[in-house]
Protein chains: 2
Amino acid sequence: MIGVNPLALEQQVCFALYSASRAVTAAYRPLLAPLGVTYPQYLVLLVLWEHGTRSVRDLGEALHLDSGTLSPLLKRLEASGLVTRARAAEDERQVRVGLTDAGWELRERAVEIPAQLHDATGVDDETLAALHRACHALIEESQR
Amino acid sequence: MIGVNPLALEQQVCFALYSASRAVTAAYRPLLAPLGVTYPQYLVLLVLWEHGTRSVRDLGEALHLDSGTLSPLLKRLEASGLVTRARAAEDERQVRVGLTDAGWELRERAVEIPAQLHDATGVDDETLAALHRACHALIEESQR
DNA sequence: CCTCTTTAGGTTGCGCACAATTGAATCGCG
DNA sequence: CGCGATTCAATTGTGCGCAACCTAAAGAGG
């Protein structure tokens with residue numbers, strides 16, 4: 001096709017991805033607000049609920065985040081009374097992040113969230129599966 | 001399936017979307033750094049290159065961003081010498097954002113970026129098209 | 001044992017996102 | 001025309017992301 005603008009906003013996949021990601025985070029916001037956590041904080045809790053106590057490094061690998069992001073975020077989660085932070089005795093470089101009782105209890109309330117969001121977005125499963133696959137393909141490629 | 005964890009991180013589409021979006025922004029960073037702009041600033045330039053002078057409101061609608069994000073961003077673009085900002089004479093509530101000569105000239109260098117990124121990510125066109133469609137479906141739904 | 005290197009986490013600084021508020025300009029309706 | 005409602009942009013405050021830098025602890029090699 002002659003005359004196609006390679007810089008046209010709406011045909012940029014990057015922009016669709018950026019907008020969709022923000023839209024989904026925005027959809028989570030009202031569901032997470034009653035729990036008193038933000039979306040990135042919720043992601044940290046997902047890791048801890050699934051795997052138990054983890055080092056800051058482990059969290060960073062799971063979420064693709066560095067200590068510059070995680071350190072202050074974890075301090076806020078600690079201030080909220082949801083997690084504990086303590087230097088590991090075996091290796092004092094590491095900080096072990098674990099859930100408090102309140103952190104574990106919050107899981108009960110969070111269990112409903114994925115289904116609520118699924119209903120709220122109203123996108124069919126086939127499209128979501130395609131989205132999931134495509135995102136993973138991009139993430140895989142970016143890690144090389 | 002019995003025993004599936006609804007909160008398992010890796011099966012959350014939201015997390016895949018969040019990670020992929022950050023990965024793509026990271027892929028843009030080294031390409032945009034020589035132009036002296038960030039990824040959100042690049043998006044603003046895409047709108048201006050495509051449609052010419054626009055109000056802050058127009059930019060916000062195109063990019064799904066509000067003035068709290070755009071005002072300081074546009075000031076930085078102005079400080080970089082890429083755009084001008086001026087109150088509209090017809091309606092002094094509006095601020096018209098336009099490109100400077102340097103802003104227009106930057107487009108010449110930006111034209112190559114989409115192709116460079118496409119090559120760098122190495123994801124096939126079919127997957128990208130599916131991603132684009134799925135993201136738009138999500139964005140559509142979120143606007144209701 | 002002693003240095004050199006690596007690893008882990010924290011801090012600082014900057015630039016988004018976004019909610020909430022403000023102030024000015026314009027509009028709409030009586 | 002007058003005036004309350006609406007629109008537009010800016011500002012403030014909070015919380016990410018991320019680069020750059022720093023410190024302390026652990027490992028590796030002689």
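Residue numbering restarts at 1 for every chain, and letters A, B, ... go by the order of the sequence lines.
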Trainee: Which residues satisfy the ring pair (Phe, Tyr, Trp, His ring centres under 6.0 Å) test with A/His51, sequence neighbours excluded?
Mentor: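 Scan of A/His51 (ring pair (Phe, Tyr, Trp, His ring centres under 6.0 Å), adjacent residues dropped) gives none.
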Trainee: If you walk 5' to 3' along DNA chain C, what is the first nucleotide with an atom under 4.0 Å of a heavy atom in chain B, and what is the last?
Mentor: C/dG15 to C/dT26
Trainee: Which sits closer to the 5' end of DNA chain D, A/Glu92 or A/Pro40, going by the nucleotide each is nearest to?
Mentor: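 Mapping each residue to its closest nucleotide by heavy atoms, the 5'-most match is A/Pro40.
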Trainee: Grab the two heavy atoms, one from B/Ser142 and one from B/Ile139, that are nearest each other, plus how far apart they are.
Mentor: OG-O, 2.8 Å
Trainee: Go through the steps for A/Leu9 and B/Trp49 under the test side chain to side chain contact (heavy atoms under 4.5 Å, CB included), then give the verdict.
Mentor: CA-CA 10 Å; A/Leu9 180 68; B/Trp49 286 332; over 6 Å; no
Trainee: Using side-chain heavy atoms (C-beta onward) and a distance below 4.5 Å, is B/Tyr42 in contact with B/Leu35?
Mentor: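 Answer no - side chains too far apart.
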Trainee: Strictly under 4.0 angstrom, non-hydrogen atoms only: write out the protein contact profile of nucleotides 3-12 of chain D, one letter per nucleotide from the 5' end, B, S or -.
Mentor: ----BSBBB-
Trainee: Should B/Ser55 and B/Asp58 count as side-chain neighbours, where that means a heavy-atom distance under 4.5 Å?
Mentor: yes
Trainee: Might you work through the side chain to side chain contact (heavy atoms under 4.5 Å, CB included) test for A/Val123 and A/Leu131, ending with a clear yes or no?
Mentor: CA-CA 11 Å; A/Val123 171; A/Leu131 179 61; over 6 Å; no
Trainee: Among pairs that include at least one residue of residues 74-85 of chain B, which meet side-chain hydrogen bond (donor to acceptor under 3.5 Å, both in side chains), considering only residues two or more places apart or in two chains?
Mentor: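 Output for this query lists B/Glu78-B/Arg85.
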Trainee: Identify which one of A/Leu73, A/Leu65, A/Leu74 satisfies the side-chain contact (heavy atoms from CB on, under 4.5 Å) criterion when paired with A/Leu59.
Mentor: A/Leu74
Trainee: Please list, chain by chain and in numerical order, all residues satisfying side chain to side chain donor-acceptor pair (under 3.5 Å) with A/Gln116, sequence neighbours excluded.
Mentor: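 Testing A/Gln116 for side chain to side chain donor-acceptor pair (under 3.5 Å), a comparison that skips the adjacent residues, returns none.
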Trainee: Show the numbers, then the answer: is there a side chain to side chain contact (heavy atoms under 4.5 Å, CB included) between B/Thr100 and B/Trp104?
Mentor: CA-CA 6 Å; B/Thr100 63; B/Trp104 279 115; over 6 Å; no
Trainee: Using a 4.0 Å cut-off on heavy atoms, which residues in residues 12-35 of chain A reach DNA chain C? List them by number, or say none.
Mentor: A/Tyr18, A/Arg22, A/Arg29
